[in-house]
Amino acid sequence: MADSISKNRRVLSGMRPTGKLHLGHFVGALANWVKLQQEYDCFFFVADWHALTTDYADPSNVKQSSVDIVLDWLAVGLDPKKATIFIQSHVPQHAELHLLFSMVTPLGWLERVPSYKEVRENLADRDLNTYGFLGYPLLQSADILIYQAGYVPVGQDQVAHVELTREVARRFNGFYPKKPGGEVFPEPQPLLTKSPKLPGTDGRKMSKSYGNTIMLTDAEPVVRQKLKTMVTDPARVRRTDPGNPDVCPVGDLHKIFSSAETIAKVDAGCRSAGIGCIECKGWAADALVQILAPMQERRKQYENDPKLAWDILEAGSQKARTAAEATMVEARAAMNMSLEYEAPKKDQGA
Ligand code: TRP
Ligand code: SF4
């Protein structure tokens, strides 16, 4: 019993190494990871093999991007003393489990994953007619199940992948019951990160591809400059026009980052034209600078000693390998394929 409780308290999540992170990543995922590490046995990893599913033609940046993303994680406050932070390709058991899952997974399950069609259409310039691209949600299933994780914090776009993972777990458990009894793979639950929508400087969702981001590394003058050009309530043309913070992207920023006091001041001042947008944006910039300053302070030690982040990844990967191998011992045994010597069975019939 204690065993199943401790297993269900395990959390796993990963990110592709796509480059430096922005405030949208913080609000949408990392702020939640930082909270989870206080309460759960968390495994957070850089999904570098996943990057290859779309970037296989030129993997030259994958390794550096992986270290860069970990620097961002450490900067926001992920703590290697609390969470296991590692890199997927340093834990080969993910690949072994992916291979075993590939034997039992019907093609149709992969073909009907919604992201399969979507991403292929969005990245039409690349040849994604590959085995690896079709199979990447199954690699994700292996990522999750190899740690027998109970919870997977993800955004809405990843829920279908966790659902596939549950089906794969059920199918494996059905074919190969655990020895002496029970199931090797618990079915994980998605932990939907309920994040408020974070607008970028142009009012659309903050995203690298729109060029509207505020980076976690942006220095104070950069943040203030970006806020100055941020779009506002379009109905508020002149200083004397009243506005509506509920339809203003700057108003959204206040709701996410500012104190209740400031939010009230913005609401009253905007609606009565008592404050100007420049002043209001200055307050929003204050709030952002306050969030970013400790991140940038923490980052310094890792920038001064570039090997530090690598060493953290290595130590985490060692811990991850131990946990992953423990699951593989169970999975291989369930399939009668343990690595141990077994004496030949006597033929009972003869
Ligand atoms: N596919 C996820 C993404 O694109 C990243 C990922 C890979 C992941 N393996 C995972 C997330 C396991 C959660 C659990 O964002
Ligand atoms: Fe937006 Fe603030 Fe201007 Fe109101 S005062 S429109 S909330 S920037």
Side-chain angles (χ1 to χ4, degrees), residues 10-18 21 25 28-30 32-33 36 42-55 69 86-89 91 94 97-98 113 115-116 118-119 133 135-147 149-165 188-193 199 201 203 227-255 258 262-285 287:
R10 191 172 274 179
V11 162
L12 174 122
S13 199
M15 266 187 210
R16 290 183 185 219
T18 48
L21 302 184
H25 295 113
L30 292 175
N32 191 36
W33 290 15
L36 288 168
C42 288
F43 284 69
F44 297 125
F45 76 103
V46 184
D48 59 343
W49 278 335
H50 283 260
L52 296 180
T53 61
T54 49
D55 297 354
I69 204 174
F86 67 100
I87 183 163
Q88 182 186 31
S89 66
V91 187
H94 289 232
L97 189 58
H98 178 213
V113 170
S115 58
Y116 181 60
E118 274 163 35
V119 176
F133 183 70
Y136 95 81
L138 192 61
L139 178 58
Q140 182 162 354
S141 299
D143 298 336
I144 296 167
L145 294 175
I146 194 106
Y147 300 103
Y151 300 103
V152 186
V154 284
Q156 185 60 49
D157 62 315
Q158 297 289 315
V159 170
H161 296 166
V162 181
E163 192 46 51
L164 172 76
T165 303
Q189 306 279 350
L191 270 187
L192 250 190
T193 314
T201 49
L227 259 286
K228 274 191 190 129
T229 61
M230 185 149 178
V231 302
T232 56
D233 175 359
R236 204 173 177 203
V237 183
R238 282 171 298 261
R239 169 69 179 77
T240 48
D241 296 334
N244 177 358
D246 292 338
V247 300
C248 173
V250 179
D252 291 337
L253 286 189
H254 278 297
K255 282 176 204 130
S258 292
T262 305
I263 294 171
K265 209 164 60 171
V266 166
D267 199 78
C270 179
R271 290 176 198 279
S272 63
I275 59 169
C277 290
I278 296 176
E279 193 176 14
C280 178
K281 287 170 157 189
W283 298 337

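Just follow the structure's listing: the first ligand is 1, and inside any ligand the first atom is 1. Everything quoted here is computed from the prediction, not taken from an experiment.
Atom 2 (Fe) of ligand 2 does not have Cys248 among its coordinating residues (no N/O/S atom, backbone or side chain, under 2.8 Å).
Every atom of ligand 1 is numbered from 1 in the order shown, and the set under 4.0 Å from a heavy atom of Arg16 is 4 (O). For ligand 1, the atoms sitting less than 4.0 Å from at least one non-hydrogen atom of Gln158 are 1 (N), 2 (C), 3 (C), 4 (O), 15 (O), numbered in the order shown with element in parentheses. Within the listing of ligand 1, atoms 13 (C) sit less than 4.0 angstrom from a heavy atom of Ser13. Residue Asp233 has at least one heavy-atom neighbour below 4.0 Å for each of these atoms of ligand 2: 6 (S). Numbered from 1 in the order shown, with element, the atoms of ligand 1 that lie under 4.0 Å from a heavy atom of Leu12 read 12 (C), 14 (C).
Residues Tyr147 and His94 have side chains that bring a donor and an acceptor to within less than 3.5 angstrom of each other.
Remark: minimum distance from atom 2 (Fe) of ligand 2 to any protein heavy atom is reached at Cys280 SG, 2.3 Å. In this structure, the protein non-hydrogen atom closest to atom 3 (Fe) of ligand 2 is Cys277 SG, 2.3 Å. Here the heavy atom of the protein found nearest to atom 4 (Fe) of ligand 2 is Cys270 SG, 2.3 Å.
Residues Gln88 and His50 approach most closely at NE2-CD2, 3.4 Å, considering heavy atoms.
Neither the backbone nor the side chain of Leu139 comes within contact range of ligand 1; no heavy atom lies under 4.0 Å.
Residue contacts with ligand 1: Asp143 is placed with a nitrogen or oxygen under 3.5 Å of a nitrogen or oxygen of the ligand (distance criterion only). Of the polar atoms of Gln140, at least one N or O is found under 3.5 Å from an N or O of ligand 1, judged by distance alone.
Ring planes of Phe44 and Trp33: parallel class, angle under 30° (limits at 30 and 60°).
Side-chain contact between Pro190 and Gln158 is absent, with no heavy atoms from C-beta onward closer than 4.5 Å.
Of the charged side-chain nitrogens involved, none lies within less than 4.0 Å of a carboxylate oxygen, so that Asp267 and Lys255 do not count as a salt-bridged pair.
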